[in-house]
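The structure appears right after this line, and notes come after that.
Hydrogens, waters and symmetry mates are skipped; everything else that's a heavy atom, side chains included, is used. Labels below follow one simple rule: chain letters A, B, ... track the order of the sequence lines, proteins then strands, and each chain is numbered from 1.
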Amino acid sequence: MDVADLPGVPDWLPDHLRDDGIEELYPPQAEAVDAGVTQGQNIVAAIPTASGKTLVAELAMLSAVARGGKALYIVPLRALASEKQAEFEQFEQYGLEIGVSTGNYESDGGWLGDKDIVVATSEKVDSLVRNDAPWLEELTCVVSDEVHLVDDGQRGPTLEVTLAKLRRLNPDLQTVALSATIGNADELATWLDAELVDSDWRPIELQKGVHYGQALHVEDGSQRRLAVQNNEKPTAAVVRDTLQDDYDEDGNLVEAGGSSLVFVNSRRNAEAAAGRLGSTVRPHLTSEEEAELADVAAEIRGVSDTETSDDLADAVEQGAAFHHAGLARGHRELVEDAFRDRLVKVVCATPTLAAGVNTPSRRVVVRDWRRYDGTAGGMQPLSVLEVHQMMGRAGRPGMDPYGEAVLVANSHDELDELFERYVWADPEPVRSKLAAEPAMRTHILATVASGFARSRSGLLEFLEETLYASQTDETGRLERVVDDMLTYLERNEFLEIDGGDGEARSASKSSGDEPRDELDATSLGHTVSSLYLDPMSAAEIIDGLRDWQRSAAESTTADSDGGFTTASELADEQAAAGEADPDDISALGLYHLVSRTPDMYQLYLRSGDREEYEMELYEREDELLGPTPSEFEDDRFEDWLSALKTARLLEDWADEVEEDTITERYGVGPGDIRGKVETAEWLLGAAESLASEIDTDAARAVSEARIRVEHGVREELVDLAGVRGVGRKRARRLFEAGIGDRAELRDAAKPVVLAALRGRRKTAENVLENAGHRDPSMEGVEPDSDVDVLDDDPRDRDEDGVETGEDQSSLGDF
DNA sequence: GAAGGTGTGTTCTAGACAGCATGTC
DNA sequence: CTAGAACACACCTTC
């Protein structure tokens, strides 16, 4: 189909596409147009990655906007939100406005309601629905990217419910769902009343194969010699083969050496493999490439002072890299960019890269096809869908003649098994996971709180519009889970059933009457839903805070030894008790409280950890909020301990312990610290709202704990760290130079400030300006040589990562 | 006697969304 | 209950 023949699209689009070199649509795109994407028709497009899904989405959105509408593009990852934003910004020249909204980022320049196309994560959209964003009703087109993720137990239900809600809000909404090739795309189409485009057409051919022994066995039945040299691992042989230039019989260069993407099953394996493959890659680098790689390596070292950072930089110097979720954001982006620029020749990655941003490669090697899964009790094979997603990264459009995806077999039996299991197999069907309890807990409360259902029957009726309902005939299960969760939500005071106190419901049941089933969210329930908390997390936090309030009150009472003589004295005493002293709450107690909620992904207890944290628990038990579970309640006690480990990490961070020390002490990567801190920040913010909602005196302490963890500083630096451009390190340096807070920073002698900031003039000027200094100029100022500046190398510091100073005594037991 | 190979026991395990109000070194 | 790569370490071989 020629781009000139597109119905319903804006006039400028055909020329725009031609400028991009697009004259003709790919077959699946043409199919989507025939099915009516540009005319408001619902579409499910199940087609491979890199076969032009984005253009299908763009056709739908642009034609919707051309008709005076407004489009929403839902992505599963924040990183994809920014990638799509960059892509859609090409249309700004035609007057379209693009907006982005994720948890940590919202595009500026006006209200989202004024944008023509908004990109957001599914959770953000869910949250917008819960908080009643008015512009959602103006949507005429919604695109859901990677919709096969409805199969995900954790996050799938959110997408499923959100789509159902958007469609109910606006019955005329055009729904475009983009999916990987899956077994049951037709079921998705039925659910969404959509036309189905199901195709495995790809713009570049993808050849799948399995390497075993000295040969690569390709799916078409052919074999290619791919020799494993002395002591080399098969993966290294495949990577080396990819690096070599190919020539035809006449000696002409057919194809220059290419890059490989190697998928492995653990972070450690990724790092080890990258280190080893470096020696495979190095001989193939030009000196120019080596110099550029050295620059990238230097940037990587600049991102953080950790071992991970050093290891990554070492690998990159050799032209190899690793990629996993333990990397800091900066690390990830540097690796992805260097790989896209063909500078880094091999990336060894965990599945982060298969689901994440677009990083195609000449060849993909799936080395490990089993992954540890604690719940299943051992190694479990990856799903076909997952492996196909990885293999689909092979082949860069316009750059490679074809892509190759290689599985690695270690035995002849495995060779056969891999062909059966992955090369020739169709992906699994996608199944809704909505009926699982944690998902129901959250979404029932949200559905009631935001007014989508006001009764049990209304709730069930709404749930009929989900994929779950369309995939099952067994209505009994759904009803049972709904009732269980309603009871749970009522018991925790998030919901009122029948406007009553819980007795009414069971009474009506036993009397055999028609169940009076009105549902209403309590004020607390509304708060929990709009905070986007799992109700179970909210319940845990509320219990913990109430427990603290109670015990604080008791200790106040116990202090007054006299006993009460009159009623008024009793009242006074209770009032005093009611104002429990927030200073009694330790930061650790609060960190532990949020770390044990289901919204915090806890750290793993390693061997030896159990003993260590049992000791820690014994020493600091009275700081924790709520009663410690008995050691015989194995699971809960285990959770309590790993929450303590997580809480200790947060405490260290808020105690200004060096990043390097933390990564080593807890066996995590720099990116994990950021992740934990971010989650804790969010949960403590939610805890702050809950604390005021349930009327405890803890709000102030919670707020302080949150600010400390946000900036990673001790109490005395909270004010300084609030200045833009001042983080934990600069705040500490300024403090050590005698500058205690923002006001003192404004009045401080410039030479002192400059010296504290290690003579960086530009930085010092920025900092002073942000602190509100009248004349921040550092011109002609020389650093004060009397100021002791903290050494920049963390390895020179003592274990606490805090320079020995006057406040040494406050360090405590260390 | 250093470098390297082989054998054995031990250790450890993927990912990442959200409130609210603004910004690390 | 289920795996398997990587590593640390001991021990041996080889030049």
Side-chain angles (χ1 to χ4, degrees), chain A residues 75-79 81 101-106 108 120-128 130-131 149 152 154-155 158-159 231 233 263-273 275-276 302-305 324-326 328-330 349-356 367-368 370-374 376-382 386 410 442 527-534 537 599-601 604-608 659 667 671-672 674-676 678-679 681-690 706 710-712 721-731 733 757-758 760 763 766-767 770 792:
Chain A
V75 291
L77 297 171
R78 296 198 290 226
S101 181
T102 66
N104 63 348
Y105 176 75
E106 180 137 331
D108 44 33
T121 53
S122 37
E123 282 77 9
K124 186 66 189 192
V125 178
D126 187 20
S127 171
L128 289 166
R130 293 184 191 194
N131 291 293
L149 291 173
D152 183 282
Q154 281 223 308
R155 299 180 54 204
T158 303
L159 178 57
N231 295 325
K233 303 245 176 180
F263 286 104
V264 298
N265 65 3
S266 75
R267 295 179 179 187
R268 201 161 64 132
N269 286 346
E271 295 185 14
R276 272 197 314 270
V303 171
S304 87
D305 281 324
H324 57 65
R329 265 190 109 62
T350 56
T352 19
L353 218 54
R367 193 195 74 177
D368 301 335
R370 279 185 281 230
R371 185 167 50 217
Y372 179 83
D373 176 0
M379 300 303 271
Q380 292 298 119
L382 301 184
E386 213 171 341
N410 294 311
T442 300
T527 305
V528 171
S529 173
S530 61
L531 285 172
Y532 211 78
L533 275 183
D534 182 333
S537 296
D599 277 311
M600 177 74 88
Y601 199 79
Y604 181 85
L605 282 185
R606 295 185 299 183
S607 70
E659 206 184 2
D672 297 305
R674 258 333 304 171
K676 290 284 169 295
E678 218 174 79
T679 309
E681 239 179 277
W682 165 56
L683 286 171
L684 287 165
E688 205 177 323
S689 305
L690 289 175
R706 179 181 57 79
E710 179 183 341
H711 298 296
V723 177
R724 196 189 322 164
V726 180
R728 59 195 318 234
K729 292 191 174 173
R730 288 177 184 167
R733 291 198 186 100
L757 297 172
R758 297 181 301 150
R760 307 281 159 84
T763 307
N766 273 332
V767 166
N770 293 331
D792 203 31

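- Note: CD (Q380(A)) to P (dA14(B)) measures 15 Å, nearest angstrom.
- In terms of the side-chain contact (heavy atoms from CB on, under 4.5 Å) criterion, residue partners of L149(A) (sequence neighbours excluded) are, by chain and number, P76(A), E146(A).
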Please tabulate, one pair per line, each protein N/O and nucleotide N/O from nucleotides 3-11 of chain B that are separated by under 3.5 Å, including the distance.
none

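- The distance from atom CG of N766(A) to atom P of dT24(B) is 13 Å, rounded to the nearest whole Å.
- In this structure, Y372(A) and R78(A) both approach DNA chain B, and ranking their closest nucleotides by distance from the 5' end singles out Y372(A).
- Under the 4.0 Å criterion applied to side-chain N and carboxylate O atoms, K676(A) and D672(A) are not assigned as salt-bridge partners.
- Closest to the side chain of R267(A), out of dT24(B), dG23(B), dA14(B), is dA14(B).
- Taking atom P in both dA14(B) and dA6(C), one finds a spacing of 14 Å when rounded to whole Å.
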N/O to N/O distances under 3.5 Å, protein versus nucleotides 8-10 of chain C:
none

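- Taking the side chain of S127(A) as heavy atoms from C-beta on, and the options dC17(B), dG19(B), dA6(C), the nearest nucleotide is dG19(B).
- Heavy atoms of R130(A) sit nowhere under 4.0 angstrom from any nucleic acid atom.
- Between the C1' atom of dC20(B) and the CG atom of L531(A) lies a distance of 10 Å, rounded to the nearest Å.
- Every residue two or more places apart in sequence or in another chain was checked for a side-chain hydrogen bond (donor to acceptor under 3.5 Å, both in side chains) with R276(A), and none qualifies.
- At the phosphate of dC17(B), neither OP1 nor OP2 sits under 4.0 Å from any side-chain N or O atom of T679(A).
- Projected onto DNA chain B by closest heavy-atom contact, R371(A) and E710(A) fall at different nucleotides, the more 5' of which corresponds to R371(A).
- For N265(A), the side-chain hydrogen bond (donor to acceptor under 3.5 Å, both in side chains) partners at least two apart in sequence or on another chain are N269(A).
- Residue S122(A) is out of contact with every strand shown, counting any heavy-atom pair closer than 4.0 Å.
- Taking atom CG of residue N104(A) and atom P of nucleotide dA21(B), one finds them 16 Å apart after rounding to whole Å.
- Taking H324(A) as the reference, F322(A) meet the ring-ring contact (aromatic ring centres under 6.0 Å, His included) condition, with sequence neighbours excluded.
- If you measure from atom OH of Y105(A) to atom C1' of dC17(B), you get 18 Å, rounded to the nearest angstrom.
- Counting any heavy atom pair closer than 4.0 Å across all strands shown, V726(A) reaches sugar-phosphate atoms only and no base atom.
- Taking only side-chain atoms of D599(A), from C-beta outward, the nucleotide of dA5(C), dA16(B), dA18(B) with the closest atom is dA18(B).
- At whole-Å resolution of the value, NE2 in H324(A) and P in dT13(B) are 12 Å apart.
- Partners of R367(A) by salt bridge (charged side-chain N to carboxylate O under 4.0 Å, His left out), not counting sequence neighbours: none found.
- Applying the 4.0 Å criterion to OP1 and OP2 of dG19(B), one finds that K124(A) has a side-chain N or O inside that range.
- Within the nucleic acid shown, R674(A) has no heavy atom closer than 4.0 Å to any nucleic acid atom.
- Consecutive Watson-Crick or G-U pairs involving DNA chain C, each under 3.5 Å on both distances, make up stems of three or more pairs at B:1-13 with C:3-15.
- Base pairing analysis places dC17(B) opposite nothing; no Watson-Crick or G-U wobble pair with both distances below 3.5 Å involves it.
- If you check every strand for non-hydrogen atoms under 4.0 Å, V528(A) touches nothing.
- In this entry the distance linking CZ of F263(A) with C1' of dA14(B) reads 12 Å, nearest Å.
- In this structure, W682(A) forms an aromatic stack with the base of dA18(B), since both conditions hold: centre separation below 5.5 Å and plane angle below 30°.
- Closest to the S266(A) side chain, of the nucleotides dA6(C), dG19(B), dA14(B), is dA14(B).
- Taking every side-chain heavy atom of T121(A) into account, dA18(B) is the closest of dC7(C), dG19(B), dA18(B).
- When the side-chain contact (heavy atoms from CB on, under 4.5 Å) test is applied to E688(A), the partners found at least two apart in sequence or on another chain are V702(A), S703(A), R706(A).
- T102(A) meets the side-chain contact (heavy atoms from CB on, under 4.5 Å) test with R78(A), A81(A), V100(A), N104(A), Y105(A), T121(A); sequence neighbours excluded.
- At a threshold of 4.0 angstrom between heavy atoms, the contacts of K233(A) are confined to the sugar-phosphate backbone, with no base atom among them.
- With sequence neighbours left out, Q154(A) forms a side-chain hydrogen bond (donor to acceptor under 3.5 Å, both in side chains) with no residue at all.
- Pairing for dT22(B) is absent, with no Watson-Crick or G-U wobble pair whose two atom distances lie under 3.5 Å.
- Ranking dG19(B), dT13(B), dC17(B) by closeness to the Y604(A) side chain, first place goes to dT13(B).
- With sequence neighbours excluded, the residues satisfying side-chain contact (heavy atoms from CB on, under 4.5 Å) with S304(A) are T306(A), S309(A), H331(A), E659(A), P670(A).
- Atom P of nucleotide dA14(B) and atom CZ of R370(A) are separated by 17 Å, given to the nearest angstrom.
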